[in-house]
There are 2 protein chains.
Amino acid sequence: MNDELRRNLALFPIGIVQKLTELTARQIRYYEQHHLIQPARTEGNQRLFSFNDVERLLEIKKLIDQGINIAGVKKMIGTQTVPSELPSIDQPDEAVAKTKEMSDEELHELLKQELVLRGRPGTQGSLIQGELSRFFH
Amino acid sequence: MNDELRRNLALFPIGIVQKLTELTARQIRYYEQHHLIQPARTEGNQRLFSFNDVERLLEIKKLIDQGINIAGVKKMIGTQTVPSELPSIDQPDEAVAKTKEMSDEELHELLKQELVLRGRPGTQGSLIQGELSRFFH
DNA sequence: ATGCAGATGTTATAAAGAATTACATGAATT
DNA sequence: AATTCATGTAATTCTTTATAACATCTGCAT
């Protein structure tokens, strides 16, 4: 449910994605040109990739390595129209206030802040919790 | 077990970490100076943060926001001596060959490549699998 | 064989992002 | 008032990324 949100959070620069996927920057940009992925951008226009993007790139690579061309890949995994979401910081306050009527935006906010916090010795991850424990575990 | 590995993978540049934690770059570097975190570095010496690093930073922020000073934070969450690990690409071949006697390094390798791949329509995440399904789910 | 399209490499140039260092500042302590 | 802690700010340099143009290679159709 917000698993999707997490996987869509744009977090990695292209350099990291290169290492994770063993694709060249050239390839990654080329695949973007063909709408196989649609990474987010920073204010300065630099690409930021989500886990979903990396996942798709790994799938693409697998198919490419099998000799399938871009057209084929498109048919098999479709094209991407919605860009991955930037982690943006808005109103860091009222987060705790509302709990029921949280808009998607606000939830997104909370998510970011609690993103990685789980039950650690001496830590009490707030509101969310079960939602986030899934992240790694 | 390799959950730890995943959480230690250095993936984020400082800009992203700023947004995720709402700390300034100045603060993040200052905390590093005081060994509260020890992010990895790129070849070009730029910091790369792992989920663990972000997690620790969120804890630090929480304590700081409560008025606790660095000395106090150190006592409470300890200092960091081992840097987060860089995702490095080595021998992309023999990955499939060995399955039993995989060194930690090799497993690390595999992990990176399969990092985000899970059961997707039309996808068959290789070897690992159970190990990785935990990542998000 | 020739030519073309697809996929990727390479190079040049500009801009964004980040590193380090030094100095400034506000608050709390002595 | 002087000092220390935590952070802001500014200057400079280096790294990383973006775009665009051109080069190369491969497979296929002529």
Side-chain angles (χ1 to χ4, degrees), chain A residues 10-50 53-54 57 59-77 79 83-84 86-89, chain B residues 10-49 53-54 57 59-77 79 83-84 86-89 92:
Chain A
L11 300 171
F12 320 114
I14 200 169
I16 289 293
V17 176
Q18 285 187 69
K19 296 211 191 145
L20 290 175
T21 62
E22 307 204 27
L23 292 167
T24 65
R26 182 68 165 92
Q27 287 178 297
I28 295 168
R29 297 189 188 114
Y30 185 72
Y31 301 152
E32 180 190 20
Q33 241 188 308
H34 287 267
H35 309 99
L36 288 172
I37 51 173
Q38 190 164 353
R41 298 283 182 134
T42 66
E43 285 193 14
N45 198 37
Q46 293 190 187
R47 271 165 269 253
L48 282 182
F49 299 78
S50 68
D53 293 324
V54 174
L57 285 171
E59 295 177 16
I60 292 166
K61 182 186 166 63
K62 206 172 255 184
L63 297 175
I64 292 288
D65 285 351
Q66 286 169 25
I68 296 161
N69 66 6
I70 300 287
V73 175
K74 270 185 199 173
K75 281 270 175 66
M76 303 186 67
I77 75 172
T79 57
S84 36
L86 285 168
S88 59
I89 46 182
Chain B
L11 301 171
F12 319 115
I14 201 169
I16 289 294
V17 176
Q18 287 187 67
K19 295 211 191 145
L20 290 176
T21 62
E22 307 204 29
L23 293 167
T24 65
R26 181 68 165 93
Q27 287 178 296
I28 295 168
R29 296 189 189 115
Y30 184 71
Y31 301 152
E32 179 190 22
Q33 242 188 310
H34 286 267
H35 309 99
L36 288 172
I37 51 172
Q38 189 163 353
R41 299 281 183 137
T42 66
E43 285 192 13
N45 198 38
Q46 294 191 186
R47 271 167 269 253
L48 281 183
F49 299 77
D53 293 325
V54 175
L57 285 172
E59 296 177 15
I60 293 166
K61 182 186 167 63
K62 209 172 252 184
L63 297 175
I64 292 287
D65 284 351
Q66 287 169 25
I68 296 161
N69 66 8
I70 300 289
V73 175
K74 269 185 200 171
K75 282 268 177 65
M76 302 186 68
I77 77 172
T79 58
S84 37
L86 286 166
S88 60
I89 46 182

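Reminder, nothing fancy here: chain letters follow the sequence lines and each chain counts from 1. Computation of the quantities below employed the complete heavy-atom set of this structure, encompassing side-chain atoms and omitting hydrogens, waters and symmetry-equivalent molecules.
- Residues Y31(A) and V73(A) fail the side-chain proximity criterion, which asks for heavy atoms closer than 4.5 Å.
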Could you write out each protein N or O paired with an N or O of nucleotides 20-23 of chain D at a distance under 3.5 Å?
none

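- Base engagement by Q46(B) is indicated by at least one non-hydrogen atom pair under 4.0 Å involving a base atom.
- A donor-acceptor pair is defined here as one N or O able to donate and one able to accept, closer than 3.5 Å; no such pair exists between the side chain of S84(A) and the backbone of F49(A).
- For the pair Y30(A) and dA7(C), the criterion of a side-chain N or O lying under 4.0 Å from OP1 or OP2 is met.
- Not one side-chain nitrogen or oxygen of N45(A) sits closer than 4.0 Å to the OP1 or OP2 atom of dA14(C).
- Computed from coordinates, the I64(A) CD1 to dT8(C) C1' distance equals 11 Å when rounded to whole Å.
- The side chain of I14(A) has dT17(D) as its nearest neighbour among dT7(D), dA19(C), dT17(D).
- A salt bridge is absent between E43(B) and K19(A); no separation between the charged side-chain nitrogens and carboxylate oxygens falls under 4.0 Å.
- A heavy-atom distance below 4.5 Å is not found between the side chains of L23(A) and I64(A).
- Residues satisfying the side chain to side chain contact (heavy atoms under 4.5 Å, CB included) test with Q46(A), not counting sequence neighbours, are T42(A).
- Screening V17(A), L20(A), V54(A) for a side-chain contact (heavy atoms from CB on, under 4.5 Å) with L11(B), the sole residue that qualifies is L20(A).
- The distance from atom CD of E43(A) to atom P of dA15(C) is 17 Å, rounded to the nearest whole Å.
- Nearest-nucleotide mapping onto DNA chain D: of H34(B) and G44(B), the residue sitting toward the 5' end is H34(B).
- Taking atom OH of Y31(A) as the reference point, atom C1' of dT8(C) lies 8 Å away to the nearest angstrom.
- If you measure from atom CD1 of I28(B) to atom P of dG8(D), you get 11 Å, rounded to the nearest angstrom.
- In this entry the distance linking CD1 of I16(B) with C1' of dT16(D) reads 14 Å, nearest Å.
- Following rounding to the nearest Å, K19(A) (NZ) and dT15(D) (C1') show an atom-to-atom distance of 13 Å.
- When the side-chain nitrogen and oxygen atoms of T24(B) are compared with OP1 and OP2 of dG8(D), one or more of them lie within a distance under 4.0 Å.
- Rounding to whole angstrom units, CZ of residue R41(B) and C1' of dG17(C) are separated by 14 Å.
- Distances shorter than 4.0 Å separate some side-chain N or O of T42(A) from OP1 or OP2 on dG17(C).
- To the nearest 0.5 Å, atoms CG (L48(A)) and CD1 (I16(B)) are separated by 4.5 Å.
- Out of dG9(C), dA19(C), dC5(D), the shortest distance to the side chain of Q27(A) is found at dG9(C).
- As rounded to whole Å, 12 Å separates atom P of dA7(C) from atom CD1 of I68(A).
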